[in-house]
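These notes concern the structure reproduced below.
Computed from heavy atoms alone, side chains included, the values below leave out hydrogens, waters and symmetry copies. In what follows, every chain begins at residue 1, and chains take the letters A, B, ... in the order their sequences are listed. Keep in mind that what you see is a predicted model, and the values were worked out from it rather than measured.
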Protein chains: 2
Amino acid sequence: MSDDSETPETAEILREAGLRITRQREAIASVLLEATDHPDAEEILTRARERDASVSQATAYRTLAVMAEKGLLRSHTFDGGSSRFELADRPHHDHLIDIDTGDIMEFVSAEIESLQRKIAAEYGYEIVAHRLELYCRKK
Amino acid sequence: MSDDSETPETAEILREAGLRITRQREAIASVLLEATDHPDAEEILTRARERDASVSQATAYRTLAVMAEKGLLRSHTFDGGSSRFELADRPHHDHLIDIDTGDIMEFVSAEIESLQRKIAAEYGYEIVAHRLELYCRKK
DNA sequence: ATACTTGCAAACCCTTTGCACGTAG
DNA sequence: CTACGTGCAAAGGGTTTGCAAGTAT
């Protein structure tokens, strides 16, 4: 059983963004591909090291930065904590955060999106990006 | 001309929150009272020192923290920069940020607020707090 | 009188960076 | 081969904290 069983997908993702393919980047990209949550840099580093122990903190941060720059992933800063990342291959969505458990749910509301554009337009602006987070507690 | 011409309001605000009144806190509170923008801790410190040069950085942070805790002010972290503060005496609102100039405008949308509650309810949650920021560019 | 606040400086956390070595292309 | 990527360790920015001295109540 080969240990570098990274899906070929990781290499493609990196190549398409014009990035050189390295073991470390593949490890990091595969972590993001498999993540169903919103890990921060430290957590991504931990998981990447399970795939390739040589990944350094500096490389984790640099890779996340370059991937975000190329539009491969999005970063969010909930509540002023550390940055959390997710692949940008999925459609846009906002977040609902359970303030007791830390669970993060994703949602989309075409109505809200549309109202946002309307508001921005009233001020003479167009939206480049937005962030909507609902900090909630179970009823 | 007395130099401690703080509006009596500052003392009241602090007293009502059950906080001891000190020169430093009055200086900080008065900065917030007069601010029409969204200054961060460093800027608040600078302005507070114009009123009372003895205010230290530690006290600025501690006072902002305790005031936020008592509900006297709200803090926002736009874009992952430093925390910005504003008195909580004004009604809730969201923010539209001009990404070119850094200008911050405030807005409210009852419709969006209502949609947010509806979405949270669908997940079985009630909203404790939320954050909506539109990062925009002039059309 | 006494608990709360302060200033100072050190510590913290997350993130970035300079450097010399390593490697993908 | 050469430009780009890497690990290490040090530095950076924003914020917090331990401590002894000061002060509001």
Side-chain angles (χ1 to χ4, degrees), chain A residues 4 6 8 10-31 38-46 48-49 51-70 72-85, chain B residues 4 6 8 10-31 38-46 48-49 51-70 72-85:
Chain A
D4 63 78
E6 315 299 358
T10 62
E12 272 175 51
I13 288 178
L14 294 169
R15 183 153 25 234
E16 280 170 23
L19 299 175
R20 284 193 182 176
I21 295 158
T22 65
R23 290 175 299 126
Q24 295 88 341
R25 284 179 178 174
E26 285 210 292
I28 292 165
S30 75
V31 166
H38 297 72
D40 62 10
E42 190 190 337
E43 179 60 27
I44 290 167
L45 177 58
T46 301
R49 280 178 165 160
R51 292 162 170 77
D52 183 330
S54 79
V55 182
S56 72
Q57 194 191 45
T59 292
Y61 275 102
R62 280 191 281 233
T63 298
L64 292 170
V66 75
M67 286 180 73
E69 191 181 306
K70 296 291 185 180
L72 294 179
L73 53 81
R74 286 187 285 257
S75 83
H76 304 281
T77 317
F78 303 119
D79 246 354
S82 46
S83 294
R84 294 168 170 277
F85 302 84
Chain B
D4 63 76
E6 315 299 358
T10 62
E12 273 176 50
I13 288 179
L14 295 169
R15 183 153 25 237
E16 280 170 22
L19 299 175
R20 285 193 181 175
I21 295 157
T22 65
R23 290 176 297 126
Q24 293 91 339
R25 284 179 178 170
E26 285 209 292
I28 292 165
S30 77
V31 167
H38 298 72
D40 62 10
E42 190 190 337
E43 180 60 27
I44 290 168
L45 177 58
T46 300
R49 279 179 165 158
R51 291 161 171 75
D52 183 330
S54 81
V55 181
S56 72
Q57 194 189 45
T59 292
Y61 276 102
R62 280 191 280 234
T63 298
L64 292 169
V66 75
M67 287 181 72
E69 192 181 305
K70 297 289 185 183
L72 294 179
L73 53 81
R74 286 187 285 256
S75 83
H76 303 280
T77 317
F78 302 119
D79 246 356
S82 45
S83 294
R84 294 168 170 278
F85 302 84

If you look at every heavy atom in A:Gln57 and A:Arg49, which pair is closest and at what distance? N-NH2, 3.9 Å
Once you round it to whole Å, what is the distance between P of D:dG14 and CZ of B:Phe85? 13 Å
Touch check for B:Gln24, heavy atoms < 4.0 angstrom, all strands: base, sugar-phosphate only, or nothing? sugar-phosphate
Length of the CD-C1' vector between B:Glu26 and C:dT6, whole Å: 15 Å
Which of these nucleotides, D:dG14, C:dT6, C:dC14, is closest to any side-chain atom of B:Ser82? D:dG14
Would you say A:Tyr61 places a side-chain N or O within less than 4.0 Å of OP1 or OP2 belonging to C:dT16? no
Contact check, side chains of A:Arg20 and A:Arg25, non-hydrogen atoms, under 4.5 Å: yes
Kindly compute the distance separating CZ (A:Arg51) from CD (A:Glu26), expressed to the nearest 0.5 Å. 11.5 Å
Mind checking ring-ring contact (aromatic ring centres under 6.0 Å, His included) for A:His76 and listing every partner two or more places apart, or none if nothing turns up? A:Phe78, A:His95
Just jot down the side-chain contact (heavy atoms from CB on, under 4.5 Å) partners of A:Glu42, sequence neighbours excluded, or say none. A:Asp40
Find out whether A:Thr63 and A:Gln24 are in side-chain contact, i.e. whether some heavy atom of one side chain is under 4.5 Å from a heavy atom of the other. no
What heavy-atom pair brings A:Ser83 and A:Thr77 nearest, and what distance separates the two atoms? OG-OG1, 3.8 Å
Let me know the distance between CD of B:Gln57 and P of C:dA10, rounded to the nearest Å. 14 Å
Write down the distance between CG (A:Leu45) and P (C:dC14), rounded to a whole number of angstrom. 13 Å
Protein-nucleotide distance (A:Leu14, atom CG; D:dC4, atom P), rounded to Å: 16 Å
For nucleotides 18-25 of chain C, 5' to 3', base contacts (B), sugar-phosphate-only contacts (S) and non-contacts (-) with protein non-hydrogen atoms under 4.0 Å give B-----BS
Whole-Å gap separating C1' (D:dT16) and CG (B:Asp40): 16 Å
What is the separation between atom CG on A:Leu64 and atom C1' on D:dG5, rounded to the nearest whole Å? 15 Å
Closest to the B:Ser83 side chain: D:dG5, C:dC8, D:dT15? D:dT15
Mind calculating the distance between CD (A:Glu42) and C1' (C:dT16) to the nearest angstrom? 16 Å
